[in-house]
Amino acid sequence: MTIVVLTIVIASTILFNFLRKEEVKRVDILVTALKFQQEVKTPSLEIQALLLQIYSSNTTIPLIILDKNDQIMEHKNIPQDIESDSVKIVALAKKMAKSYTPIEIEIVKGNKQIVYYDNSPLLNNLQYSPYILGLFILSYFGFSFWFFRTIKKTDEGYLWAGLAKETAHQIGTPLSSMIGWMEIMKLDDPDSEGVHEIEKDIERLRTISERFSKIGSVPELNDTDFNATIQENYDYLKTRISRKINFGLHLPNYNISVPHNRILMSWVIENLVKNAVDAMKGEGSISMSVFERNKNILVEVQDNGSGMTKQQARNAFKPGYSTKKRGWGLGLSLAKRVVQEYHNGDIKIAQTEVGKGTTFRITIRKA
């Protein structure tokens, strides 16, 4: 694209310079005719006709002829609004002298006329045409790139939404069966600890299925007790991760009211915690903190795992990118979509260092 634009600009510049030289040649011919007219006192009728034709053929090039005292002798093709104003005509002639060197015509000894000229209006407009054309082409390619990128992004969104809804549907069938067997197990031993734990996991599977079913649709932000959402996730995840991991939570001692979707926000938190667990290879410490800054609520998930390189941090939220041998690399990508598109917030890597750990930060505007 850049080569095409440069080629057009260069070609147009060459054409402009060629036309400019041709106009200078026409002025030289006209000045030569004027000199001949001054030198020959009694030219023949044929020569007079030729001189008149040369002078009349100039219908575009601005021309002003002054004597040595700046008295106007002749002018042609100048703006109509100054044709009757001698001061402005002289000023225009001096301005023309900055573009082209005036040509002197010797009349008699000690007397002369000075010819001032400039580009024709067409040539003046042509000198800007390469840049206008280049800008138009760049705008066209820029719009095309944006348009096709938007279509691609929309198609990808439909694909992920369809995949998520199909996953929710597939999970739903065995989940219904598990719920039925769970009820039968509760009849045999309703107080069994194992039964209660399995019941929690079934409820979690129900939540996961609901999460997937919400992808592609606009979720309702009906939940407001942000502390309760974070606490609920912490309580569940703490019992499901390795006991070799020291998992801590720091919540403010006052209620935080933030419109959010509890199910989707839980998904985001779970993704960040699971990434932290993987980064520590099942052993270390994770700290989850919630605090207020200006008009925003911040959630930070900090681990002391393997950390990331700068390149890994740049690519962490890209769909399909993963540093792990297993997984599809969609967790952080979907988490970013949930926070940015559904909650008008932001999620980023606040700090990371290889061998020392990573801190993810969620920012959501307070109600």
Side-chain angles (χ1 to χ4, degrees), residues 197 200-201 204-205 207-208 211-212 215 226-252 256 258 260-293 296-340 342-343 345-364:
E197 289 301 317
K200 289 180 182 178
D201 287 331
R204 194 67 177 183
L205 281 173
T207 301
I208 291 171
R211 289 173 184 171
F212 279 109
I215 295 297
F226 201 65
N227 283 358
T229 299
I230 301 299
Q231 185 70 56
E232 180 182 329
N233 275 268
Y234 171 77
D235 293 339
Y236 176 81
L237 292 171
K238 186 175 176 63
T239 61
R240 295 301 186 272
I241 62 178
S242 172
R243 293 184 178 181
K244 295 181 180 180
I245 293 178
N246 181 25
F247 191 15
L249 173 65
H250 305 282
L251 287 174
I256 293 178
V258 177
H260 65 284
N261 184 281
R262 179 182 56 81
I263 293 174
L264 292 181
M265 188 55 63
S266 298
W267 193 0
V268 174
I269 299 299
E270 186 174 327
N271 266 296
L272 296 184
V273 172
K274 286 184 176 179
N275 269 278
V277 171
D278 290 338
M280 295 185 299
K281 297 181 173 56
E283 186 174 356
S285 63
I286 302 174
S287 174
M288 188 159 59
S289 305
V290 179
F291 54 95
E292 190 174 346
R293 178 179 295 173
N296 298 318
I297 301 301
L298 279 64
V299 182
E300 287 190 350
V301 178
Q302 182 178 11
D303 66 71
N304 61 351
S306 57
M308 301 184 194
T309 63
K310 290 183 179 180
Q311 182 178 2
Q312 289 173 336
R314 283 195 299 268
N315 296 323
F317 293 100
K318 291 182 179 179
Y321 180 81
S322 177
T323 58
K324 298 175 288 188
K325 293 182 179 180
R326 59 184 176 83
W328 289 3
L330 298 177
L332 289 178
S333 175
L334 289 171
K336 184 175 183 179
R337 181 173 182 177
V338 168
V339 174
Q340 290 187 340
Y342 297 155
H343 292 85
D346 189 30
I347 181 171
K348 64 180 181 179
I349 298 173
Q351 186 275 333
T352 187
E353 187 175 348
V354 176
K356 293 190 176 181
T358 301
T359 302
F360 283 91
R361 179 181 295 162
I362 301 170
T363 303
I364 300 178

Task: Spacing of L332 atom CG and N271 atom CG [to the nearest 0.5 Å] - done: 6.5 Å
Task: Side-chain heavy-atom pair V277, I286 within 4.5 angstrom cut-off - done: yes
Task: Interatomic distance, S306 atom OG to K281 atom NZ [nearest 0.5 angstrom] - done: 5.0 Å
- [ ] For R240, enumerate each residue passing the salt bridge (Lys or Arg N to Asp or Glu O under 4.0 Å) test, keeping only those at least two apart in sequence or located in another chain.
- [x] E197, D201
Task: Stepwise side-chain contact (heavy atoms from CB on, under 4.5 Å) check, F360 with K348 - done: CA-CA 6 Å; F360 283 91; K348 64 180 181 179; over 6 Å; no
Open item on the list: I need the S289 OG to L249 CG distance, nearest 0.5 Å.
Closed with: 7.5 Å
Task: side chain to side chain donor-acceptor pair (under 3.5 Å) against E232, all qualifying residues, sequence neighbours excluded - done: R262
Task: T309 side chain near V354 side chain, heavy-atom distance below 4.5 Å - done: yes
Open item on the list: Is it true that N315 and K318 share a donor-acceptor pair across their side chains at a distance under 3.5 Å?
Closed with: yes
TODO: With rounding to the nearest 0.5 Å, note down the distance linking CE in M308 to OG1 in T352.
DONE: 5.5 Å
Open item on the list: I need the single residue from L272, D346, V338 that forms a side chain to side chain contact (heavy atoms under 4.5 Å, CB included) with I362. Which is it?
Closed with: L272
Open item on the list: List the residues meeting ring-ring contact (aromatic ring centres under 6.0 Å, His included) with F226, not counting sequence neighbours, and say none if there are none.
Closed with: H260
- [ ] Taking N304 for its side chain and G284 for its backbone only, find out whether a donor-acceptor pair lies under 3.5 Å.
- [x] no
TODO: List for me each residue that meets salt bridge (Lys or Arg N to Asp or Glu O under 4.0 Å) alongside K356, sequence neighbours excluded, and say none if there are none.
DONE: E353
TODO: Report the C-alpha separation of S287 and H250 in whole Å, then their side-chain angles, then the decisive distance to 0.1 Å, and conclude whether the side-chain contact (heavy atoms from CB on, under 4.5 Å) test is met.
DONE: CA-CA 8 Å; S287 174; H250 305 282; 3.4 Å; yes
Task: Side-chain donor-acceptor pair present, D235, Q231, cut-off under 3.5 Å - done: yes
Open item on the list: Go through it in stages, so that I can follow the logic: the residues are F317 and I347, the test is side-chain contact (heavy atoms from CB on, under 4.5 Å), and I'd like the CA-CA distance, side-chain angles, deciding distance and then a yes or no.
Closed with: CA-CA 9 Å; F317 293 100; I347 181 171; 4.0 Å; yes
- [ ] Go through the structure and list residues passing ring-ring contact (aromatic ring centres under 6.0 Å, His included) with Y234, not counting sequence neighbours.
- [x] F247
Task: Heavy-atom check, side chain of I349 versus side chain of T358, under 4.5 Å - done: yes
TODO: Of all the heavy-atom pairs spanning P252 and N227, show the shortest one and how long it is.
DONE: O-ND2, 3.8 Å
Task: Pairs flagged by salt bridge (Lys or Arg N to Asp or Glu O under 4.0 Å) wherever residues 299-317 is involved - sequence neighbours left out - done: E300-R361
Open item on the list: With rounding to the nearest 0.5 angstrom, report the CG to OG1 distance, N296 to T363.
Closed with: 6.0 Å
Open item on the list: Testing the basics here: between N233 and S266, what is the closest heavy-atom pair and its distance to 0.1 Å?
Closed with: ND2-OG, 2.8 Å
- [ ] Look only at the side chain of H343 and the backbone of M265, and say whether a donor-acceptor pair between them is shorter than 3.5 Å.
- [x] no
Open item on the list: Let me confirm one number: the CE-CG distance from M288 to L251, rounded to the nearest 0.5 Å.
Closed with: 7.5 Å
